[in-house]
Every structure is written in structure tokens, then in C-alpha cells.
Amino acid sequence: MIVPIIAPSILAADFARLGEQVRAVDAAGADWIHLDIMDGHFVPNLTFGPEVVKAIRPYSDKLFDVHLMIAPADPYLAAFAKAGADLISVHAEAGPHLDRSLQAIKALGKKAGVAVCPATPESAIEHVLERLDLIVVMTVNPGFGGQKFIPATLEKIRRLCAMSAGRPIRIEVDGGINAETAAAAVAAGADVLVAGSAIFGEPDYARAIEALRGQATSA
Ligand code: DX5
Ligand code: ZN
């Protein structure tokens, strides 16, 4: 049975109380903290940069899972590493030299991940498997929280699982994850669940996190 890692996405948090909100989900049982960085160019929305990551770093000792939805990513990797990222994921679609970006993340002493949009086939990351700690399967089109899970991504999770079998690579799902879709994603092979609205949209964070974990493990 897989016990998935639960990574609340602070995109759905109250930005006026970000530090407090990070502390609250940490205390409520979050395993990782998921940070969505958007540039208004790679995705049609803007969020925050390394200064905010640095500001909230003291509020949790949990792994900071930084999801870069920016292009180009390379010029900003060192700043996010310095700000306190533990794991940095770049998008496979964000630039022509994915392998170079992953080497740069590793050279900064951080764990490396690659995110793939729903439109991107898994073959796009076949050549970088040996560099990866994480594959982020986008289960919505990136850019906004609160979107609906795209069911066709379940097959891709299965294929990526088969492709990465035998390697120490985690499969994270991001977008539209709630108790129901979490169960389906874990059954397909995901072992890290990102959830924004399904956690921050609930009054009791600990209960929301447990609901995700519970649903998923019983799948
Ligand atoms: C979407 C982001 C997600 C988002 C998930 O582009 O990468 O991390 O915050 O939000 P929910 O769980 O509300 O779909
Ligand atoms: Zn994300």
C-alpha cells in the first residue's frame, strides 16, 4: 500500500497571512510545502518570487517543493536555491535545454524535478530520467488553482510509472486533487499529492490532509 506524501499548495492560502498559513499546514500534518511560481508568460498568471520563498522559509522545516512555471527558468535557479528551496522543478516545455536546467539544479545541491503539461507526451523526459528526483504530472493546465482534474492524465501517470520503474523517482500529481481524484491518481501510481483548494478551502486543515491520505491509501 502506498502512503502518499501530501504537499499543500500555498497558491490557495491567504496571501496576507502566508507565514502563518505555512505554519498551520505544517502543524496539520503536511509532508511537503508546494510553492507555485508563475511568470505571466509561460502561464497566464503571476504569483511570487524568491523573496517570498525566503520570507516564509522560517515558518516550516518541511521540504519546500518549488514548482517553477517560468520561462526561461535557468536565470532564476540560484535565487530560488538560496531562498530555501529543497526541490526545484522546471517545466519540460519551458526551454530547449532541459538537461542543462536539471544539471544546474543539481549543481546547486538541490533535488531536481521536471513538470509535464497535459499536452506533453512522456517521451519528452525520457532522456533526463537519471537526473530526476521527481516527475510532476500536471493534472490540469498550469496557471490557476481550483481547476478540474483532467481524467486523461491518469493513463500518463501509469505510463510514467512504468517508464521510471526501478529508479528513485517520485511521481507527483498537481491540479484538481481532492479525495476522489487522489484515490484514482494513487491507484495509477502517484506517490505525492499536491492540493491547494482541497486543503486551504477547508476549515480544518488536519482533517483535509487526513482525508486525502486516507482516501488515497485505501485505493
Ligand atoms: C496549478 C498549480 C497547482 C495549484 C493546485 O498551476 O501548479 O499547484 O495550486 O491547486 P488546486 O489543488 O486548487 O487545483
Ligand atoms: Zn504546482
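Atoms within a ligand are numbered from 1 in the order they appear, just like the ligands themselves.
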(request) Just jot down the ligand 1 atoms closer than 4.0 angstrom to any heavy atom of M38, in number order. (result) 6 (O)
(request) Provide, to 0.1 Å, the distance between atom 5 (C) of ligand 1 and the closest protein heavy atom, together with that atom's residue and name. (result) D174 OD1, 3.7 Å
(message) Taking side chain to side chain contact (heavy atoms under 4.5 Å, CB included) as the criterion, tell me which of V22, V25, D31 meets it with P8.
(response) V25
(message) Among all the protein's non-hydrogen atoms, which is closest to atom 12 (O) of ligand 1, and how far away is it?
(response) G196 N, 2.7 Å
(request) Below 4.0 angstrom from a heavy atom of P142, which ligand 1 atoms are there? Numbered from 1 as shown, please. (result) 6 (O)
(message) Show the atoms of ligand 1 that are less than 4.0 angstrom away from any heavy atom in H67.
(response) 7 (O)
Quick one: side chains of residues 109-118, donor-acceptor pairs under 3.5 Å with protein atoms, not counting sequence neighbours, listed by atom name and distance.
from	atom 1	to	atom 2	distance (Å)
K110	NZ	A85	O	3.3

(request) Before accepting this row, confirm whether a basic side-chain N of the pair R17/D14 lies closer than 4.0 Å to the acidic partner's carboxylate O. (result) yes
Using a 3.5 Å cut-off and no angle test, enumerate the donor-acceptor pairs between side-chain atoms of residues 182-202 and protein atoms at least two apart in sequence or in another chain.
from	atom 1	to	atom 2	distance (Å)
D191	OD1	I171	N	2.8
D191	OD2	R170	NH1	3.3

(message) Taking the basic N atoms (NZ, or NE/NH1/NH2) and the acidic carboxylate oxygens, is any pair closer than 4.0 Å for E155 and R158?
(response) yes
(request) Have a look at A13, A7, G143 and point out the one with the heavy atom closest to atom 6 (O) of ligand 1. (result) G143
(request) Write the atom name of the N, O or S atom in H67 that is nearest the Zn ion (ligand 2). (result) ND1
(request) Determine, using the 4.5 Å side-chain heavy-atom cutoff (strictly less than), whether I125 and L77 are members of one ILVMFWY cluster. (result) yes
(message) Tell me whether R207 is salt-bridged to E210, with the criterion being a basic N under 4.0 Å from an acidic carboxylate O.
(response) no
(request) Ignoring hydrogens and angles, tell me if any N or O in the side chain of K156 forms a donor-acceptor pair with the backbone of V137 under 3.5 Å. (result) no
(request) Measure the spacing between CD1 of I56 and CD of Q21 and express it to the nearest 0.5 Å. (result) 11.0 Å
(message) Can you name the atoms of ligand 1, numbered from 1 with element, that are less than 4.0 Å from a heavy atom of G175?
(response) 14 (O)
(request) Taking the Zn ion (ligand 2) as the vertex, measure the angle between atom OD1 in D36 and atom NE2 in H34; round to 10°. (result) 90°
(request) Would you check whether F149 reaches within less than 4.0 Å of ligand 1, judged by its heavy atoms? (result) no
(message) For atom 13 (O) of ligand 1, what's the nearest protein heavy-atom neighbour? Residue, atom name and distance, please.
(response) S197 OG, 2.3 Å
(message) Please check: side-chain N/O of R159 versus main-chain N/O of A162, any donor-acceptor pairing under 3.5 Å?
(response) no
(request) Starting from atom 9 (O) of ligand 1, find the nearest protein heavy-atom neighbour and note its residue, name and distance. (result) S9 OG, 2.8 Å
(request) Please name the atom of D174, restricted to N, O or S, that is closest to the Zn ion (ligand 2). (result) OD2
(request) Using a strict 4.0 Å cut-off to heavy atoms of A195, name the atoms of ligand 1 that fall inside it. (result) 12 (O)
(request) Heavy-atom contacts with V194 under 4.0 Å: which atoms of ligand 1 show up? List them by number with element. (result) 8 (O)
(request) Using a strict cut-off of 4.0 Å, indicate which atoms of ligand 1 neighbour a heavy atom of M138. (result) 7 (O)
(request) Tell me which protein heavy atom sits closest to atom 1 (C) of ligand 1, plus the residue, atom name and distance to 0.1 Å. (result) F144 O, 3.6 Å
(message) Within the 4.0 Å heavy-atom shell around G145, which atoms of ligand 1 are there?
(response) 10 (O), 13 (O)
(request) Give yes if a backbone or side-chain nitrogen or oxygen of G176 is under 3.5 Å from a nitrogen or oxygen of ligand 1, and no if not. (result) yes
(request) Taking only Lys NZ, Arg NE, NH1 and NH2, and the carboxylate oxygens of Asp or Glu, determine whether R167 and D133 approach each other closer than 4.0 Å. (result) no
(message) With the threshold set at under 4.0 angstrom, would you say A198 reaches ligand 1 through any of its heavy atoms?
(response) no
(message) Parallel, tilted or perpendicular: which one describes the rings of F42 and H91, with boundaries at 30° and 60°?
(response) tilted
